[in-house]
Each structure stands twice: as C-alpha cells, then as structure tokens.
Protein chains: 2
Amino acid sequence: MRIGEAAAAVGMTTKTLRFYEDRGLLPAAQRAANGYRSYGDETITRLDFIRRSRGAGLTLAQISDILHIRDAGQAPCTHVSDLLARQLKDLDWQITELVALRSTVARFHDTAAAADPAACDSKRICSYL
Amino acid sequence: MRIGEAAAAVGMTTKTLRFYEDRGLLPAAQRAANGYRSYGDETITRLDFIRRSRGAGLTLAQISDILHIRDAGQAPCTHVSDLLARQLKDLDWQITELVALRSTVARFHDTAAAADPAACDSKRICSYL
DNA sequence: CTGCACCTTCCCCTAGACTGGAAGGTCAAG
DNA sequence: CTTGACCTTCCAGTCTAGGGGAAGGTGCAG
C-alpha cells in the first residue's frame, strides 16, 4: 500500500504519515524499488491506534511511549510495567481534569438554560460565565 | 491602575495583559501622561470574565467573540449558551475516548503485572504486549 | 545622583502537531 | 511525448497562549 492509500484509509494526510515516521511513531517504512513508501495492514492498525489516542487527547510523546512499549521485544518487564503504570496514572489525571471541566461547563450551561436572556447583566459581560 | 497592579489583581502577568490587548480581548488601554497604560475597574471585570472563560476551556478566539458581542451592545447569552452546549458535547466525546483508551492501556498493564517478576529479570522477551 | 522598581516597544522563542510549497522523480493513460 | 496523479526530500510557516529579554523611559527613596 502506498502512502496516499494508507493515509486515505485512516483519514489522515500523507504529510501526517511522514511526520509520524519522522517522530518515530511509525517505523521507517519499507520502500518499493522506486523509493516509494510501502505499507502493510499493521501500519493501518497502528495509525488507528494513534488516531484513537489523539482523539482522546494524548500527546504524540505519550502515544509514542505506548507504541514503543508494544514494540519493545526485549524491554525489561519492570520498566514496561512502570511505563504503563505511569501512562495509566496520566490517563486517570487527564480524565479527572476533563470530568471536572465538564462539570464546570455543565453548571454554566444549566445556568444559561434557566436564565432569562433579557436579564443578562451587561456589567458582568455574560452572567452565564 | 497601572498594568502591574491590574495583572496582580487577576493573577495574570503584564505580558498577558498586553497580549490580550494585542489580540483584541482588551480595548486599547488609556494612557497616563507618561505613556503608561491606565486601567479602570471595568478592565478587572473583563479580565475576570476572561479568566473564568479560560477556566471553562474556551479559547481566546471564542472569548473574543463573546466580548465583541457584548461590546456591540448585544447580549451574548444565546451565543454563549450554544458555545457551552458545543463545549459540553466535545468534552463528553473526549471523556468517552479517554476512558476507552484507559481500559486498553489498563489491559496492557494488567497483563504485564500478571507476569512472573522473576522471569522478567533476565533477558526474557516481554511478549505480553 | 544613584539605585531600584516599574513601565514602554520590539522582536524572537517555546511546544505541539501539523501544513504548505518548492524542486524534482515515477508511472500509466491518451 | 506529454499530461496528470502520484511520490520523494527539505525547509518554512501556522496556530495557541503566552514567555524571555533587550534597550530605553519614569518616578520615588535615600
């Protein structure tokens, strides 16, 4: 599969795939005789994982860690476990933060839904926030 | 009130206030005879609003929109309500994704933790990822 | 007078995640 | 043989929300 095809399959651009390769999220691609990158299905799987993780707000560095753990054929188990534990803690932290933000926003929104727009105090700019 | 005082009053830096002015979130400040910016209480109100909105996860562009609606003499309430609804939907999506991702990573971690630690000390391949 | 904290503008830097464009190679179709 | 859609590398720009620091003006205390 060439880069354009792979990119289309996961809804990314060719630029993004090359960028991920450069950042180490994708291994250096195999090349066809003409120098074109050639991808297999496992790259699609990997890109899907990246897309899902990105969608969840993980940074490329964090995703890279997870992928490298998965790639590490010979990483010491304790290190792998530690990295995953840290990743979990990080995810828990992010979830906590997002849930807190959600409840803040929900409170603002509830106020907005219950309020009389005409009563909006201009001195506060918007009384919903 | 000079810029440092205003910044301290809302827990921002003078850099941030000048930046907000540059980005149109604050109107061009009045100047004292010596050229120093001079702020009134309404700027504090405005900065507080910006801070609250940032706390709700709004971008400066979104906040700027709200402020400009207010500055135009209209009540931004409907706009804000829509914005908050969209923000909520977005947050719900992010939380869902993040929780799903957490369970994926947790599964990796559980597998790793279940392995025999003694067997991990050696150069054994960590095959459980 | 000097020191010091404050203020001014100016421009560059950061990180994260791309995106655009230039300059050029490859290949199947018309 | 040329066109057009691909692909290559490399360098540069974008956006967000500021931060760093230079070079210089202001104003009060000692």
Side-chain angles (χ1 to χ4, degrees), chain A residues 1-40 43 46-68 87 90 94 97-98 101, chain B residues 1-40 43 46-67 83 87 90 94 97-98 101:
Chain A
M1 190 178 349
R2 290 188 306 186
I3 195 170
E5 218 176 324
V10 294
M12 296 175 174
T13 67
T14 60
K15 283 277 190 191
T16 302
L17 265 63
R18 290 191 201 97
F19 177 70
Y20 285 171
E21 179 179 323
D22 185 60
R23 288 316 191 73
L25 277 86
L26 293 181
Q30 279 190 282
R31 301 297 179 126
N34 56 13
Y36 289 10
R37 285 174 181 79
S38 178
Y39 295 108
T43 301
R46 204 174 171 94
L47 287 170
D48 271 334
F49 179 81
I50 296 173
R51 204 170 34 70
R52 278 182 37 77
S53 306
R54 287 289 300 127
L58 293 195
T59 66
L60 293 190
Q62 291 171 322
I63 299 167
S64 184
D65 280 351
I66 297 174
L67 287 171
H68 286 144
Q87 208 54 253
D90 199 69
Q94 286 184 52
E97 285 286 289
L98 272 186
L101 181 59
Chain B
M1 193 179 346
R2 289 188 306 186
I3 194 169
E5 218 176 326
V10 293
M12 297 176 176
T13 67
T14 60
K15 282 277 189 189
T16 301
L17 265 64
R18 291 192 199 97
F19 177 69
Y20 285 171
E21 178 179 324
D22 184 60
R23 300 310 283 273
L25 277 85
L26 294 180
Q30 280 189 281
R31 302 297 180 127
N34 57 10
Y36 289 11
R37 285 174 181 79
S38 179
Y39 295 108
T43 300
R46 204 173 171 98
L47 288 170
D48 271 334
F49 175 79
I50 296 173
R51 210 168 32 68
R52 286 197 306 273
S53 305
R54 292 281 301 128
L58 298 189
T59 65
L60 293 189
Q62 290 172 322
I63 299 167
S64 183
D65 282 351
I66 298 172
L67 287 169
L83 208 64
Q87 197 79 350
D90 203 61
Q94 281 182 54
E97 283 289 293
L98 209 50
L101 191 66

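Residue numbers start from 1 in every chain, and the chains themselves are labelled A, B, ... in the order their sequence lines are given, proteins ahead of strands.
Although no hydrogens or angles enter the test, the distance criterion places no donor-acceptor pair under 3.5 Å between the side chain of A:Arg2 and the main chain of A:Ala6. With hydrogens and angles disregarded, a donor-acceptor distance shorter than 3.5 Å links the side chain of A:Arg51 to the backbone of A:Val10.
Toward the 5' end of DNA chain D, the nearer of the two residues B:Tyr20 and B:Arg2, judged by each one's closest nucleotide, is B:Tyr20. The 5' end of DNA chain D is approached more closely, in terms of each residue's nearest nucleotide, by A:Gly35 than by the other of B:Arg23 and A:Gly35. Across the interface with DNA chain C, nearest-nucleotide mapping of A:Tyr36 and A:Lys15 shows A:Lys15 to be the residue nearer the 5′ end.
If you take CD of A:Gln62 and C1' of C:dA17, they are 14 Å apart, rounded to a whole angstrom. Rounded to whole angstrom, the span from the CG atom of A:Asp22 across to the C1' atom of C:dA17 amounts to 12 Å. Note: CZ (B:Arg18) to P (C:dC10) measures 12 Å, nearest angstrom. Straight-line distance from the CG atom of A:Leu25 to the C1' atom of C:dA17: 11 Å, rounded to whole Å. Here the P atom of nucleotide C:dT9 and the CZ atom of B:Phe19 are 16 Å apart, to the nearest Å. Remark: C1' of C:dG25 and CZ of A:Arg37 are 14 Å apart, rounded to the nearest angstrom. Atom-to-atom, CE of A:Met12 to C1' of C:dC18 comes out at 12 Å; the value is rounded to the nearest Å. The CD-P distance, from A:Gln94 to C:dG16, rounds to 13 Å in whole Å.
Taking CG of A:Leu58 as the start and CZ of A:Phe49 as the end, the distance is 7.5 Å to the nearest 0.5 Å. Distance CG/B:Leu60 to CZ/B:Arg23: 7.0 Å, rounded to 0.5 Å. Annotation: the span from B:Gln94 atom CD to B:Asp90 atom CG amounts to 5.0 Å, rounded to 0.5 Å.
In this structure the side chain of B:Phe19 never reaches within 4.5 angstrom of the side chain of B:Leu25, judged on heavy atoms.
In terms of heavy-atom proximity, A:Gly24 sits nearest to A:Ser64 at O-OG, 4.5 Å.
A side chain to side chain contact (heavy atoms under 4.5 Å, CB included) with B:Arg37 is found for one member of B:Gln30, B:Met1, B:Arg18 and no other, namely B:Arg18. Checking each of B:Thr59, B:Leu67, B:Asp65 against B:Ile63 for a side chain to side chain contact (heavy atoms under 4.5 Å, CB included) leaves exactly one that passes, namely B:Leu67.
Counting only Watson-Crick and G-U wobble pairs whose two distances sit under 3.5 Å, DNA chain C takes part in these stems of three or more pairs: C:1-30 with D:1-30.
Of all nucleotides in DNA chain D having an atom under 4.0 Å from a heavy atom of chain B, the first and last in 5' to 3' order are D:dT16 to D:dG27.
For C:dC18, one of the phosphate oxygens OP1 or OP2 lies less than 4.0 angstrom from a side-chain nitrogen or oxygen of A:Arg54.
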